[in-house]
Asker: 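Take this structure, written in structure tokens, and hold onto it; I'll ask about it next.
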Amino acid sequence: MNKQREYDVFDLTKFVLSIVIVAIHTHPLGEFHLLIYPWARIAVPIFFMISSYLFFSKLNTKKTEKETCVEMKLFCLRNAKLYLFWFILLFPVTAYTKHYFVDGIGRGLRKLFIDFLFGSTFRMSWYLMALILCVIVVYYSSRLKHGAFIIFIIGLLSNSLCCLLSNYAEATRGIYDLFNFYPGTFFLSFPVGLIWISLGNIFSKNDYSNVKSKYLWIGFLFSCVGLTIEQRIIYRIGIPENNDCYFMLWPVCSLLFLLLLRTNIRLKNPKILRKISVVVYCLHGSILLFVRKFMDMIDISYKSLPGSFFCFAIVVISCCVAALCLQSLAKKEKGHWLKYAF
């Protein structure tokens with residue numbers, strides 16, 4: 001399979017899905033925002049699988065254990081630098097919204113540390129820490145006999161709990177209360193990513209080219225029907241307060257990912273889209289805060305149309321402009337440190 005083709009389709013997919021994630025948080029359809037679900041929830045699993053697939057594919061080309069360890073360290077360091085860049089840049093906004101130090105410096109630092117590992121500091125930062133932790137777990141587990149299969153099963157069970165604690169919380173209140181001990185939000189932390197990182201690893205080590213595309217498409221379409229039915233069942237139970245995880249995302253996202261691997265797209269400069277998607281993902285939560293404050297000042301509702309779509313458009317445009325500016329500044333001699341933004 002042509003690596004350039006793989007990277008191009010992944011970069012385009014990540015860009016599109018970063019816009020979808022903005023839509024999840026801005027509700028561009030206003031009072032009709034529930035129409036984007038469950039389809040918008042495809043975004044994060046695909047993000048996980050793309051990162052995992054690319055990392056483990058690269059790891060598979062290494063011949064010695066020392067080389068794989070070096071690659072592992074580089075991956076963790078690169079993502080840690082990305083996290084720290086945005087953490088430092090957005091900390092004034094984070095401190096304002098999270099109220100870390102209202103009850104004193106000690107308690108504030110403790111809460112900050114818990115959010116850093118098990119939740120979010122700046123909005124959506126949980127994904128970056130979950131990515132690092134899950135890759136470490138899958139990497140070391142896969143080195144054991146039957147480790148890849150075992151960690152996949154653990155990831156499946158972990159994601160099942162995430163589904164029960166989000167979309168099915170009303171029907172499984174006892175389980176929800178049982179997990180109050182967890183320091184963060186269980187379904188917005190590394191437990192939710194384990195299955196997707198595991199699948200990315202499995203897909204990188206196996207060749208599925210002998211499976212006909214028509215069968216993948218048939219399976220994908222039937223899975224989409226199943227996801228639609230699951231959504232109807234959930235609404236029968238009652239519209240959930242959190243709708244991050246669905247059981248039917250397992251086949252939908254897995255089959256969609258295999259279809260993406262077969263998609264032949266060539267872009268002139270895919271790196272631009274790759275960098276924009278990273279900035280959109282990391283920055284949109286903070287931009288959204290300011291846009292909503294501004295809309296409140298001018299007395300425009302961001303909860304209903306057309307104000308909600310205006311809010312969505314401003315956030316997307318602002319993030320894209322910021323990404324292009326950062327890319328331009330990073331090329332200058334004094335701006336080389338800005339490369340950590342991507």
Asker: Please check this pair: side chain of Thr97 against backbone of Thr94, looking for a donor-acceptor N/O pair closer than 3.5 Å.
Answerer: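 Pair found, side chain donor or acceptor close to backbone of Thr94.
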Asker: Can you check whether Leu288 reaches Cys311 side chain to side chain, under 4.5 Å on heavy atoms?
Answerer: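 In contact.
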Asker: Quick one, Leu82 and Tyr340 - any side-chain contact, counting heavy atoms below 4.5 Å?
Answerer: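 The answer is no, as the side chains (C-beta and beyond) never meet within the 4.5 Å cut-off.
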Asker: Got a sec: does the NZ of Lys271 have more than 12 other heavy atoms crowding it under 6.0 Å?
Answerer: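 Incorrect, the count does not exceed 12.
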Asker: Classify the ring geometry of Phe85 against Trp337: parallel below 30°, tilted from 30° to 60°, perpendicular beyond 60°.
Answerer: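 Geometry flag for Trp337 against Phe85: tilted rings.
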Asker: List the steps and the verdict of side chain to side chain contact (heavy atoms under 4.5 Å, CB included) for Leu74 and Val70.
Answerer: CA-CA 6 Å; Leu74 288 174; Val70 168; 4.1 Å; yes
Asker: Quick one: does any side-chain atom of Ser318 pair with a main-chain N or O of Ile314 as donor and acceptor, under 3.5 Å?
Answerer: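 Such a contact is found between Ser318 side chain and Ile314 backbone.
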Asker: Strictly under 6.0 Å, is that where the ring centroids of Trp250 and Phe247 end up?
Answerer: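 Yes, the ring centres sit under 6.0 Å apart.
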Asker: Please work out whether the ring planes of Tyr83 and Phe87 are parallel, tilted or perpendicular, with thresholds of 30° and 60°.
Answerer: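 Taking Phe87 first and then Tyr83, their aromatic rings sit tilted (interplane angle of 30° to 60°).
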Asker: Is any side-chain heavy atom of Ser277 less than 4.5 Å from a side-chain heavy atom of Leu273?
Answerer: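 When only atoms from C-beta onward are counted, Leu273 and Ser277 do not touch, as no gap falls below 4.5 Å.
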Asker: State yes or no: are the ring centers of Phe10 and Phe257 separated by less than 6.0 Å?
Answerer: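 Under 6.0 Å, so yes.
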Asker: Mind listing the closest non-hydrogen atom pair of Asp8 and Pro270 along with its distance?
Answerer: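 Nearest pair, atom of Asp8 first, then Pro270: OD1-CG, 3.1 Å.
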Asker: Could you check whether Phe47 and Tyr281 have their ring centres less than 6.0 Å apart?
Answerer: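 Yes, the ring centres sit under 6.0 Å apart.
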Asker: Decide yes or no on side chain to side chain contact (heavy atoms under 4.5 Å, CB included) for Met124 and Cys282, but give the supporting numbers first.
Answerer: CA-CA 7 Å; Met124 292 301 293; Cys282 293; over 6 Å; no
Asker: Under 6.0 Å from the six-membered ring centre of Phe342 and within 45° of its axis: does the NZ or CZ of Lys275 meet both?
Answerer: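 The answer is yes; both the distance and angle limits are met.
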Asker: Counting only heavy atoms not in Glu65, do more than 12 fall under 6.0 Å of its CD?
Answerer: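 Incorrect, the count does not exceed 12.
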Asker: Quick one: are Phe15 and Val280 in side-chain contact, heavy atoms under 4.5 Å?
Answerer: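 Side chain of Phe15 against side chain of Val280, heavy atoms only: no contact under 4.5 Å found.
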Asker: So His99 and Tyr96, would you call those rings parallel, tilted or perpendicular, with 30° and 60° as cut-offs?
Answerer: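 Answer is tilted, since the angle falls between 30° and 60°.
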Asker: Does a donor on one side chain and an acceptor on the other come within less than 3.5 Å for Tyr246 and Gln231?
Answerer: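 There is such a pair between these side chains.
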Asker: Are Asp296 and Arg292 ion-paired here, with the side-chain N under 4.0 Å from a carboxylate O?
Answerer: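 Here Asp296 does not pair with Arg292 in a salt bridge, since their nearest N and O are not under 4.0 Å apart.
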Asker: Taking Lys98 for the side chain and Ser120 for the main chain, is one N or O donor matched with an acceptor at less than 3.5 Å?
Answerer: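 Yes, the answer is positive, given that a donor and an acceptor are paired below the 3.5 Å cut-off.
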Asker: Test your reading of the model: is there a side-chain donor-acceptor pair from Asn167 to the backbone of Cys245, 3.5 Å cut-off?
Answerer: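 Between the backbone of Cys245 and the side chain of Asn167 there is a qualifying donor-acceptor contact (under 3.5 Å).
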Asker: Below 30° counts as parallel, above 60° as perpendicular, anything between as tilted: where do the rings of Phe220 and Trp217 land?
Answerer: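 The rings of Phe220 and Trp217 stand perpendicular, inter-plane angle above 60°.
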Asker: For residues Ile36 and Ala23, report the shortest heavy-atom separation together with the two atoms involved.
Answerer: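 Ile36 and Ala23 have their closest heavy atoms at CD1-O, 4.0 Å.
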Asker: Start with the C-alpha distance between Cys320 and Val316, add both sets of side-chain angles, then the distance that settles side chain to side chain contact (heavy atoms under 4.5 Å, CB included), and finish with yes or no.
Answerer: CA-CA 6 Å; Cys320 289; Val316 170; 4.2 Å; yes
Asker: For the ring pair Phe203 and Phe56, is the centre-to-centre distance below 6.0 Å?
Answerer: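 That pair fails the under 6.0 Å test.
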Asker: Checking the side chain of His25 only, and the main-chain atoms of Val22 only, is there a donor and an acceptor separated by less than 3.5 Å?
Answerer: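 Here the side-chain-to-backbone pair does not exist.
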Asker: Please evaluate residues Cys162 and Asp244 with respect to the criterion side chain to side chain contact (heavy atoms under 4.5 Å, CB included), reporting the C-alpha separation (whole Å), side-chain torsions for both, the decisive distance (0.1 Å), and the verdict.
Answerer: CA-CA 8 Å; Cys162 291; Asp244 296 80; over 6 Å; no
Asker: For the residue pair Ala330 and Lys339, what are the closest heavy atoms and their distance?
Answerer: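 Where Ala330 meets Lys339 most closely, the heavy atoms are CB-N, 4.1 Å.
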Asker: Heavy atoms only: give me the nearest Met295-Ser301 pair and the separation to one decimal.
Answerer: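 What the structure gives for the nearest pair is CE-O, 3.8 Å.
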Asker: Do Met129 and Phe116 come close enough that some side-chain heavy atom pair is under 4.5 Å?
Answerer: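 Yes, their side chains come closer than 4.5 Å.
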Asker: Looking at Asn201 and Val138, would you say the former's side chain and the latter's main chain have a donor-acceptor pair under 3.5 Å?
Answerer: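 Looks like no, no N/O pair under 3.5 Å.
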Asker: Pro28 pairs by side chain to side chain contact (heavy atoms under 4.5 Å, CB included) with which of Phe309, Tyr302, Phe310?
Answerer: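 Option passing the side chain to side chain contact (heavy atoms under 4.5 Å, CB included) with Pro28: Phe309.
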Asker: Is a side-chain N or O of Trp196 found less than 3.5 angstrom from the main chain of Ile46, in a donor-acceptor match?
Answerer: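 No; zero donor-acceptor contacts below 3.5 Å.
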Asker: Glu67 versus Thr61: any side-chain heavy-atom pair under 4.5 Å?
Answerer: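 When only atoms from C-beta onward are counted, Thr61 and Glu67 do not touch, as no gap falls below 4.5 Å.
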Asker: Would you say Thr26's side chain and Phe312's backbone share a donor-acceptor pair under 3.5 angstrom?
Answerer: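 The answer is no, because no donor-acceptor pair under 3.5 Å joins these two groups.
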Asker: Is it the case that more than 12 heavy atoms not belonging to Lys205 sit under 6.0 Å from its NZ atom?
Answerer: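 Enclosed: over 12 neighbouring heavy atoms sit under 6.0 Å from NZ of Lys205.
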Asker: Should the heavy atoms of other residues, nucleotides or ligands under 6.0 Å from CG of Asp299 be counted, would the total exceed 12?
Answerer: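 No, CG of Asp299 has 12 or fewer neighbouring heavy atoms, counting only those of other groups under 6.0 Å.
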Asker: Keeping Ser52 on the side-chain end and Phe48 on the backbone end, is there a donor-acceptor pair under 3.5 Å?
Answerer: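 Absent.
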Asker: Are the side chains of His33 and Ser308 in contact, using a 4.5 Å heavy-atom criterion?
Answerer: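 The answer is no, as the side chains (C-beta and beyond) never meet within the 4.5 Å cut-off.
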Asker: When Phe122 is tested against each of Leu90, Asp115, Val93 for side chain to side chain contact (heavy atoms under 4.5 Å, CB included), which residue passes?
Answerer: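 Among Leu90, Asp115, Val93, the one meeting side chain to side chain contact (heavy atoms under 4.5 Å, CB included) with Phe122 is Leu90.
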Asker: Identify the two heavy atoms, one from Ser141 and one from Ile151, that lie closest to each other, and give their separation to 0.1 Å.
Answerer: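 Closest approach of Ser141 to Ile151, heavy atoms only: OG-CD1, 3.8 Å.
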Asker: Between Ser189 (side chain) and Phe186 (backbone), is there a donor-acceptor pair under 3.5 Å?
Answerer: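 Side chain of Ser189 to backbone of Phe186, a donor-acceptor pair under 3.5 Å: no, none is there.
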Asker: Closest approach of Thr13 and Val9, non-hydrogen atoms and distance?
Answerer: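 The answer is OG1-O, 2.6 Å.
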Asker: Might you confirm whether atom CZ of Arg143 has over 12 heavy atoms from other residues, nucleotides or ligands at distances under 6.0 Å?
Answerer: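 Yes, because the 6.0 Å sphere around CZ of Arg143 holds more than 12 heavy atoms from other groups.
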Asker: So, do Tyr53 and Leu261 sit near enough that their side-chain heavy atoms are less than 4.5 Å apart?
Answerer: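 Side-chain contact under 4.5 Å: yes.
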